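FYI, the numbering just counts along the sequence from 1. What you see below is based on every heavy atom in this structure, not just the backbone, and it leaves out hydrogens, waters and symmetry mates. Keep in mind that this is a model prediction, so the values were computed, not measured.
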Amino acid sequence: MLMEVLKLWIKGCSIIVFDVPLLFEAKIDKWTKPIVVIWIDPETQLQRLMTRDGSMEEEAKSRINAQMSLDLKRSKADIVIDNTSSLEALHEQFQKVLAQITKPLTWTEFVFSRNGAFLALFSTFVSVSIFKKSS
Ligand SMILES: *[C@@H]1O[C@H](CO)[C@@H](O)[C@H](O)[C@H]1NC(C)=O
């Protein structure tokens with residue numbers, strides 16, 4: 001995964017999306033920003049899971065309980081997408097999130113970005129060259 005990220009970063013990708021169901025459990029959340037959680041209320045989650053897998057209530061419940069609760073995940077998220085209603089509503093929210101994450105970086109974000117790193121490297125190089133010439 002780290003190699004993939006490095007490859008994409010070198011290629012110049014400014015946004016890399018990780019689709020990780022166990023992001024918090026695997027402690028990968030320390031390295032990603034922003035964290036987007038797709039949330040639904042527990043009752044809908046149970047109903048949808050049973051419909052999707054054709055599973056019984058007990059089975060579906062134990063699968064849900066094996067993971068960190070969506071409410072806890074929501075509290076750790078930077079952005080929450082509510083997927084309780086229709087697919088159209090989901091698309092609409094997604095467009096907003098996309099606009100939010102593609103907006104220009106703040107200065108602090110820039111410093112830690114790829115271009116920020118290159119600029120820092122370039123500035124250091126130029127400073128060192130000037131310093132060498134003048135001494
Ligand atoms: C959102 O809900 C729809 C059902 O309306 C489901 O098919 C879809 O997988 C859900 N999307 C996410 C990202 O959880």
Side-chain angles (χ1 to χ4, degrees):
M1 199 162 74
L2 209 61
M3 274 310 286
E4 275 308 309
V5 172
L6 202 63
K7 270 191 223 161
L8 294 170
W9 189 77
I10 288 166
K11 269 188 195 168
C13 293
S14 50
I15 297 172
I16 302 170
V17 178
F18 286 65
D19 184 4
V20 188
L22 300 176
L23 185 85
F24 298 111
E25 290 88 337
K27 299 197 167 36
I28 302 168
D29 59 308
K30 278 185 201 152
W31 309 101
T32 54
K33 189 138 186 95
I35 296 167
V36 182
V37 166
I38 321 279
W39 181 88
I40 49 170
D41 65 276
E43 186 54 36
T44 314
Q45 183 184 24
L46 183 63
Q47 291 307 325
R48 283 187 186 168
L49 191 61
M50 284 164 64
T51 314
R52 194 194 69 186
D53 299 349
S55 54
M56 303 303 287
E57 189 169 332
E58 285 315 306
E59 198 184 325
K61 269 185 182 163
S62 79
R63 282 199 54 191
I64 289 171
N65 291 336
Q67 285 191 24
M68 183 184 286
S69 85
L70 272 178
D71 285 330
L72 185 55
K73 285 183 181 176
R74 179 172 64 173
S75 71
K76 291 168 173 272
D78 300 304
I79 301 170
V80 178
I81 294 179
D82 185 340
N83 196 18
T84 319
S85 66
S86 67
L87 220 50
E88 290 71 49
L90 178 72
H91 288 161
E92 213 170 279
Q93 288 182 79
F94 176 72
Q95 289 307 320
K96 279 188 195 148
V97 171
L98 198 59
Q100 198 177 335
I101 62 175
T102 49
K103 77 174 191 299
L105 301 178
T106 63
W107 276 107
T108 355
E109 287 167 341
F110 177 76
V111 167
F112 292 105
S113 74
R114 175 178 175 276
N115 290 345
F118 284 146
L119 183 65
L121 198 68
F122 180 71
S123 315
T124 310
F125 180 73
V126 170
S127 317
V128 168
S129 309
I130 292 170
F131 180 74
K132 272 192 177 164
K133 265 190 187 162
S134 63
S135 63

Results of side chain to side chain contact (heavy atoms under 4.5 Å, CB included) for Val126 - residues two or more places apart only: Phe122, Ile130

Where Lys73 and Pro21 come nearest, the two heavy atoms and their spacing: NZ-O, 3.2 Å

Residues, nucleotides or ligands: over 12 heavy atoms within 6.0 Å of Leu2 CG: no

Any residue meeting side chain to side chain donor-acceptor pair (under 3.5 Å) with Ser85, in chain and number order, not counting sequence neighbours: none

Val80 with Phe18, same ILVMFWY side-chain cluster at under 4.5 Å: yes

Nearest-0.5 Å distance that lies between atom CE in Met1 and atom CG in Leu6: 13.0 Å

Qualifying residues under salt bridge (Lys or Arg N to Asp or Glu O under 4.0 Å), relative to Lys96, sequence neighbours excluded: none

Pairs meeting criterion salt bridge (charged side-chain N to carboxylate O under 4.0 Å, His left out) with involvement of residues 49-72, two or more places apart: Asp53-Arg63, Glu57-Lys61, Asp71-Arg74

Distance (rounded to the nearest 0.5 Å) between Leu90 CG and Ile38 CD1: 6.5 Å

Over 12 foreign heavy atoms within 6.0 Å of CZ, Phe94: no

With sequence neighbours excluded, residues passing ring-ring contact (aromatic ring centres under 6.0 Å, His included) with Phe110: Trp107

Smallest separation among heavy atoms of Leu119 and Ser123, with atom names: O-OG, 2.6 Å

Residue of the set Ile40, Thr51, Asp41, Ile64 for which side-chain contact (heavy atoms from CB on, under 4.5 Å) holds with Leu46: Ile64

Same apolar cluster (I L V M F W Y, side chains within < 4.5 Å links), Leu49/Trp39: no

Side chain to side chain contact (heavy atoms under 4.5 Å, CB included) partners for Val111, two or more places apart: none

Hphob cluster co-occupancy, Leu105 + Leu121, side-chain heavy atoms under 4.5 angstrom: no

Residues forming a side chain to side chain donor-acceptor pair (under 3.5 Å) with Thr84, sequence neighbours excluded: Asp82

Counterpart residues, side chain to side chain contact (heavy atoms under 4.5 Å, CB included), relative to Gln95 (two or more places apart): Leu98

Partner residues of Glu4 under the salt bridge (Lys or Arg N to Asp or Glu O under 4.0 Å) criterion, sequence neighbours left out: Lys7

Residues that Glu109 engages under side chain to side chain donor-acceptor pair (under 3.5 Å), provided they are two or more places apart: Thr106

Side-chain donor-acceptor pairs under 3.5 Å in residues 23-36, sequence neighbours left out?
unit_1	atom_1	unit_2	atom_2	d
Glu25	OE2	Met68	N	3.1
Lys33	NZ	Asp78	OD1	3.2

Residues that Asn115 engages under side chain to side chain donor-acceptor pair (under 3.5 Å), provided they are two or more places apart: none

Same apolar cluster (I L V M F W Y, side chains within < 4.5 Å links), Val20/Ile101: no

